[in-house]
Amino acid sequence: MCGIFAYLNHLVPVDRKHVMDVLIKGLQRLEYRGYDSAGIGIDGDFNDDGLLVTRLLKAQGKVSKLKELCDNDDLDKEEIFHCHLGIAHTRWATHGEPSEVNCHPQPSNPLVEFCVVHNGIITNYRELKTFLEAKGHVFVSETDTEVIAKLLQHVYDLDTKKQMSFREIAENVVSQLEGAFAVVIKSVHFPNEAVACRRGSPLLIGIKASGELGTLK
């Protein structure tokens, strides 16, 4: 069984190492579910277009191997973020063998404009994959999850006036999926935002705040 975890800090200054440590600890809590690989998606550096690039770090094997990869990565661990979204995943192979390519997060393209962590099975992924390949999307993994990422990219690209919100893009995509699943989505086009959704599979959201949240009154 796959495990998904995400951490969004909002207006709370923390360094990149803290973000990575929280994601790793979240995955360690999910190790009991059984898995064959693990990965995280975090904010990297800005590219020439001014977008904050998503860095994907993946490892086949135990979470401890992913932690070692994170510890040795050349990203500035002391860089401070006032807002940051990180997503993480432990994978139990169902579509495709255990490998770094098949590990999550699954990106929408080499620029990682969208990336997804996913638990569950997309039963109509073959039909969606055929449609997306006909539209020019190139798949690199054997997973059903990559279909979600590519479909997010497809819907975003079709919105030439860029009027759709992150939530609207995700709702459009989820409405085309069949099966039982839970997903968390990250995008360079919507920094510091997360979209989490589920159908059939469980998904728990927790909120920590120093005071009362007006949105929960």
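I4 is listed as a side-chain neighbour of L203, based on a closest heavy-atom distance under 4.5 Å. Counting only heavy atoms from C-beta outward, the side chains of V53 and V188 never approach each other to under 4.5 Å. Annotation: side chain of F131 is not in contact with side chain of Q176 (no heavy-atom distance under 4.5 Å).
When all heavy atoms of T123 and G179 are compared, the pair lying nearest together is OG1-N, 3.6 Å. Across every non-hydrogen atom of V140 and V101, the tightest pair is O-CG1, 3.2 Å. For the residue pair G44 and R16, the shortest heavy atom distance occurs at O-NH2, 2.9 Å. Nearest heavy-atom pair, A180 versus S201, reported as atom, atom and distance to 0.1 Å: C-OG, 3.6 Å. The heavy-atom pair separating F81 from N9 by the smallest distance is O-ND2, 3.6 Å. The heavy-atom pair separating A6 from L85 by the smallest distance is CB-CD1, 4.5 Å.
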>> Before you tell me yes or no, could you show the steps for T90 and V63 under side chain to side chain contact (heavy atoms under 4.5 Å, CB included), namely the whole-Å CA-CA distance, both residues' side-chain angles and the distance that decides it to 0.1 Å?
In response: CA-CA 8 Å; T90 52; V63 171; 4.1 Å; yes

>> Does E168 form a side chain to side chain contact (heavy atoms under 4.5 Å, CB included) with S165? I'd like the steps, not just the answer.
In response: CA-CA 5 Å; E168 288 171 334; S165 68; 3.2 Å; yes

>> Let's go through R198 and F181 carefully: what are the C-alpha distance in whole Å and the side-chain angles of both, what is the deciding distance for side chain to side chain contact (heavy atoms under 4.5 Å, CB included) to 0.1 Å, and is it a yes or a no?
In response: CA-CA 6 Å; R198 60 179 288 271; F181 52 84; over 6 Å; no

> Could you walk me through whether H84 and I42 pass the side chain to side chain contact (heavy atoms under 4.5 Å, CB included) check?
Replying inline: CA-CA 8 Å; H84 185 284; I42 58 174; 3.9 Å; yes

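Side-chain atoms of S108 come within 3.5 Å of backbone atoms of F114 as a donor-acceptor pair (strictly under, hydrogens ignored). In this structure, N102 contributes its side chain and E142 its backbone to a donor-acceptor pair below 3.5 Å. Between the side chain of E146 and the main chain of S141, a donor-acceptor pair closer than 3.5 Å is present. Side chain of K58 to backbone of L66: no donor-acceptor contact under 3.5 angstrom is found. Within the 3.5 Å criterion, the main-chain N or O of K77 finds no donor-acceptor partner in the side chain of K17. Under the 3.5 Å distance criterion, the side-chain polar atoms of Y35 are left unmatched by any main-chain donor or acceptor of L30. For D144 (side chain) and I122 (main-chain N/O), a donor-acceptor pair under 3.5 Å exists by modelled atom type. Checking side-chain atoms of H154 against main-chain N and O of L132 turns up no donor-acceptor pair under 3.5 Å. Of the possible polar contacts, none joining the R91 side chain to the Q60 backbone as a donor-acceptor pair under 3.5 Å is found. The backbone N or O of G86 sits nowhere less than 3.5 Å from a side-chain atom of K186 that would complete a donor-acceptor pair.
More than 12 heavy-atom neighbours from other residues, nucleotides or ligands sit within 6.0 angstrom of NZ on K162. The local environment of NE2 in H10 is sparse, with at most 12 non-hydrogen atoms from other residues, nucleotides or ligands closer than 6.0 Å.
Only one option out of L151, V155, I185 pairs with I169 in a side-chain contact (heavy atoms from CB on, under 4.5 Å); it is V155.
Atom CG of residue N192 and atom SG of residue C83 lie 4.5 Å apart, to the nearest 0.5 angstrom. The CG atom of N172 sits 13.5 Å away from atom CZ of R167, with the distance rounded to the nearest 0.5 Å. The distance from the CG atom of D15 to the CG atom of D76 is 9.0 Å, given to the nearest 0.5 Å. The SG atom of C115 sits 12.0 Å away from atom CD1 of I148, with the distance rounded to the nearest 0.5 Å. Here the CD-CZ distance, from E113 to F190, works out to 10.5 Å after rounding to the nearest 0.5 Å. Atoms CD and NZ, on E68 and K62 in that order, are 15.0 Å from each other to the nearest 0.5 Å.
Taking hydrophobic clusters as Ile, Leu, Val, Met, Phe, Trp and Tyr residues chained together by side-chain heavy-atom distances below 4.5 Å, L75 shares a cluster with I24. Under the 4.5 Å side-chain heavy-atom criterion for grouping Ile, Leu, Val, Met, Phe, Trp and Tyr, V117 is not connected to L57 through any hydrophobic cluster. Taken together through direct or relayed side-chain contacts under 4.5 Å among Ile, Leu, Val, Met, Phe, Trp and Tyr, L52 and Y156 form parts of separate hydrophobic clusters. F139 and V183 fall within the same hydrophobic cluster, defined by Ile, Leu, Val, Met, Phe, Trp and Tyr side-chain heavy atoms under 4.5 Å apart, directly or through other members. Under a hydrophobic clustering in which Ile, Leu, Val, Met, Phe, Trp and Tyr are joined whenever their side-chain heavy atoms come within less than 4.5 Å, directly or via other members, I40 and I87 fall into different clusters.
Between F5 and H89, the distance from one ring center to the other does not fall under 6.0 angstrom.
At a threshold of 4.0 Å, the pair D71-K67 counts as salt-bridged, since one of the basic side-chain nitrogens sits closer than that to a carboxylate oxygen.
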